[in-house]
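Below: the structure, in structure tokens.
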Amino acid sequence: MLELNFIRANQERVLQGLKIRNFTDEGLGIVNEIIRLDDTRKDTQTELDSILAERNQLSKEIGSLFKQGKKEEADTMRQRVSLLKDRSTELEEKLKATIKELEEHLYTIPNIPHESVPAGSAEEDNEVFKPWPKELPTLAEGALPHWELARKYNIFDLELGTKITGSGFPVFRGKGARLQRALIALFLDEAVKAGYEEIIPPLLVNEETARATGQLPDKEAQMYYVERDNLYLIPTAEVPLTNIYRDVILDEKDFPIKLTGYTPCFRREAGSYGAHVRGLNRVHQFDKVEIVQFQHPDKSYDTLYNMLEHVEGLLNKLELPFRILRLCGGDLSFTSALTFDFEVYSAAQQRWLEVSSVSNFETYQSNRMKLRFRDGKSTRLAHTLNGSALALARIVAALLENNQTPDGIVIPKALQSYTGFELLA
RNA sequence: GGAGGAGUGGCAGAGCGGUUGAAUGCACCGGUCUUGAAAACCGGCGUACCGAGAGGUACCGGGGGUUCGAAUCCCUCCUCCUCCGCCA
């Protein structure tokens with residue numbers, strides 16, 4: 001969430017940012033409401049503090065009176081302190097309620113978009129930051145979409161997944177499973193080469209963790225929830241990876257911290273069934289390698305561009321046509337200040353598929369997480385960033401479609417040592 | 001799952017109702033000394049909130065309670081350790 005002090009000091013900027021996110025005039029009232037609540041909080045705390053100070057002082061005196069054996073004086077004083085207590089209890093309750101309300105309000109404010117974020121309300125308004133410079137591939141007559149290819153070569157089976165679990169849970173098999181494993185291995189190796197520490201995190205997280213990275217309360221409906229144990233299945237490795245550094249105070253020299261991890265990702269994606277989500281385009285469980293960085297605020301945008309280059313490198317290795325979008329205010333995720341999406345071109349479907357999303361959250365997550373670094377005598381919030389590198393299901397979809405030949409599916413060179421075969425047939 | 005034990009500052013470890021945000025040691029930072037380093041000695045060394053500042057307040061696993069006053073007593077939850085059971 002946004003820092004209270006930031007909101008107080010930069011009201012205009014906050015309002016401006018919320019407008020880019022298409023807040024209505026009525027919605028903008030939240031900012032004033034927050035400041036009003038914070039004023040109440042300060043006043044209440046100041047009063048409470050002074051009462052507690054008095055109580056502490058008197059209590060000390062009572063202590064020494066007792067030691068001196070002046071029991072009667074102590075008793076009189078004790079009664080006086082009792083009176084203070086009523087007022088302090090009252091103020092404590094008020095303070096607690098105010099803080100709670102304040103937090104609830106803060107949770108409804110998304111991150112302030114970076115100045116480069118274009119206005120817009122939907123996908124169509126996203127800016128093509130880097131178009132594909134060459135011709136888009138065209139396929140021969142009779143080219144098949146990936147779900148047909150899957151059937152033809154027995155790569156994955158969604159009906160089987162439905163039998164075992166439900167719709168949207170693909171079963172990969174044979175060379176399809178091997179391809180999947182090869183991609184994960186390639187992506188992890190590339191990330192490690194780029195200096196990221198490889199992590200295998202838990203796939204279930206608790207409420208506090210989900211809250212810290214912003215999945216709660218904003219995206220609660222998107223996560224699978226294990227009620228009995230009060231745990232959530234991760235929708236992305238971002239959640240456990242970023243939380244490794246929750247409640248940590250770093251030294252400036254620790255930057256940048258770079259983590260990578262492969263995990264399956266679970267997303268409920270409520271209400272999204274239909275033709276456009278066929279095959280692997282949108283599933284409830286998919287594999288992804290994620291990269292995460294923690295960086296000094298002055299350097300986080302350089303880092304963002306480095307991460308972009310890393311993802312570009314992967315797509316180049318896979319020889320897939322792709323473009324990069326800069327997300328507009330309406331499409332930007334709740335917690336992000338600036339996000340670039342990577343889309344690969346899926347030649348048989350003749351459409352772009354999102355395979356990566358690279359974001360700078362600035363201090364939005366670190367504020368909730370209390371991830372700080374020492375800056376002289378005080379502490380400051382670090383910046384957090386993450387990106388998919390890459391999301392597998394759709395990469396597989398594009399790979400299958402774009403590389404189909406009458407003899408089988410051609411495996412890109414960079415992947416061959418991982419798959420152990422050059423042609424999937 | 002059953003029985004017992006324990007959770008204190010970066011780490012180790014005192015404190016078990018009053019002047020303790022917390023002894024002591026280690027680590028760390030600054031200084032003296034030294035050609036340099038080590039050693040020794042001196043000083044500093046948690047986080048957050050309120051305040052222009054002086055200063056005040058909160059925090060000893062989380063939450064709640066008793067008390068004029070709680071790291072210290074009570075309740076509850078969580079975590080870790082030991083033993084038994086089950087098990088990839």
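Order of the sequence lines sets the chain letters (A, B, ...), proteins ahead of strands, with each chain counted from 1. Quick note: numbers below take in every heavy atom, side chains included, and nothing from hydrogens, waters or symmetry partners. Keep in mind it's a predicted model, so treat the numbers as computed, not measured.
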Taking [atom1] from [X] and [atom2] from [N], how many angstroms apart are they, rounded to a whole number?
X        : N     : atom1 : atom2 : result
A/Glu73  : B/C68 : CD    : P     : 18 Å
A/Asp247 : B/G10 : CG    : C1'   : 15 Å
A/Gln57  : B/C68 : CD    : P     : 18 Å
A/Glu93  : B/G64 : CD    : P     : 11 Å
A/Glu208 : B/G63 : CD    : C1'   : 13 Å
A/Glu54  : B/A58 : CD    : C1'   : 18 Å
A/Leu48  : B/C59 : CG    : P     : 11 Å
A/Phe373 : B/U47 : CZ    : C1'   : 16 Å

For [X] and [Y], indicate whether the former's side chain and the latter's backbone hold a donor-acceptor pair under 3.5 Å.
X        : Y        : answer
A/Lys258 : A/Ala194 : yes
A/Asn243 : A/Thr209 : yes
A/Arg21  : A/Asn111 : yes

Which value, in whole Å, describes the distance between the [atom1] atoms of nucleotides [N] and [M]?
N     : M     : atom1 : value
B/G15 : B/A6  : P     : 14 Å
B/U57 : B/C42 : C1'   : 33 Å
B/G21 : B/C80 : P     : 32 Å
B/C84 : B/U66 : P     : 43 Å
B/C28 : B/A12 : C1'   : 15 Å
B/G63 : B/U79 : C1'   : 15 Å
B/G18 : B/A3  : P     : 35 Å
B/G36 : B/U19 : C1'   : 47 Å

Inset, instruction - Would you please test A/Tyr225 and A/Glu207 for side chain to side chain contact (heavy atoms under 4.5 Å, CB included) and show each step? - result: CA-CA 10 Å; A/Tyr225 175 53; A/Glu207 209 180 315; 5.9 Å; no

Side-chain H-bond candidate by donor/acceptor type, [X] with [Y], under 3.5 Å:
X        : Y        : answer
A/Glu220 : A/Gln215 : no
A/Thr24  : A/Glu26  : no
A/Ser346 : A/Glu401 : yes
A/Thr236 : A/Lys288 : yes

At under 4.0 Å between heavy atoms, what does [X] touch on the DNA or RNA strands: base, sugar-phosphate, or nothing?
X        : result
A/Lys370 : nothing
A/Lys377 : nothing
A/Ser64  : nothing
A/Ile249 : sugar-phosphate
A/Arg55  : sugar-phosphate

What pairs of nitrogen or oxygen atoms, one from the protein and one from nucleotides 18-21 of chain B, lie under 3.5 Å apart?
| residue | atom | partner | partner atom | Å |
| --- | --- | --- | --- | --- |
| B/G18 | N2 | A/Ser59 | O | 2.7 |
| B/U19 | O4 | A/Lys67 | NZ | 2.1 |

Base paired to [N] (Watson-Crick or G-U; both N/O distances under 3.5 angstrom):
N     : answer
B/C33 : none
B/G25 : B/C11
B/G1  : B/C84
B/G53 : none
B/G18 : B/C68
B/U47 : B/A58
B/A38 : none

Legend entry - Nearest-nucleotide 5' precedence on RNA chain B, A/Ser82 against A/Arg372: A/Arg372

Pairs under 3.5 Å (N/O, protein and nucleotides 49-56 of chain B):
| residue | atom | partner | partner atom | Å |
| --- | --- | --- | --- | --- |
| B/C49 | O3' | A/Arg41 | NH2 | 2.6 |
| B/C49 | O2' | A/Arg41 | NH2 | 3.2 |
| B/C49 | O2' | A/Gln45 | OE1 | 2.2 |
| B/C49 | O2' | A/Gln45 | NE2 | 3.3 |
| B/C50 | OP1 | A/Arg41 | NH2 | 3.2 |
| B/C50 | O2' | A/Thr46 | OG1 | 3.0 |
| B/G56 | N2 | A/Asp49 | OD2 | 3.1 |

Inset, instruction - Could you check A/Glu33 against A/Arg36 for salt bridge (charged side-chain N to carboxylate O under 4.0 Å, His left out), going step by step and ending with a plain yes or no? - result: CA-CA 5 Å; A/Glu33 182 63 11; A/Arg36 190 191 64 78; 2.9 Å; yes

Legend entry - Intermediate values then yes/no, side chain to side chain contact (heavy atoms under 4.5 Å, CB included), A/Thr263 and A/Glu290: CA-CA 8 Å; A/Thr263 68; A/Glu290 185 80 359; over 6 Å; no

Return the polar atom pairs (N/O with N/O) between nucleotides 71-79 of chain B and the protein under 3.5 Å, or none.
none

Inset, instruction - Take A/Glu319 and A/Lys413 through the test salt bridge (charged side-chain N to carboxylate O under 4.0 Å, His left out) and record every step on the way to the result. - result: CA-CA 9 Å; A/Glu319 302 165 45; A/Lys413 266 225 153 43; over 6 Å; no

Inset, instruction - Might you work through the side chain to side chain contact (heavy atoms under 4.5 Å, CB included) test for A/Leu58 and A/Leu84, ending with a clear yes or no? - result: CA-CA 10 Å; A/Leu58 291 175; A/Leu84 286 177; 4.1 Å; yes

Inset, instruction - For the residue pair A/Tyr224 and A/Phe266, categorise the inter-ring angle as parallel (less than 30°), tilted (30 to 60°) or perpendicular (more than 60°). - result: perpendicular

Inset, instruction - Would you mind checking if A/Glu47 and A/Arg87 are paired as a salt bridge, meaning a charged N to carboxylate O distance below 4.0 Å? - result: yes

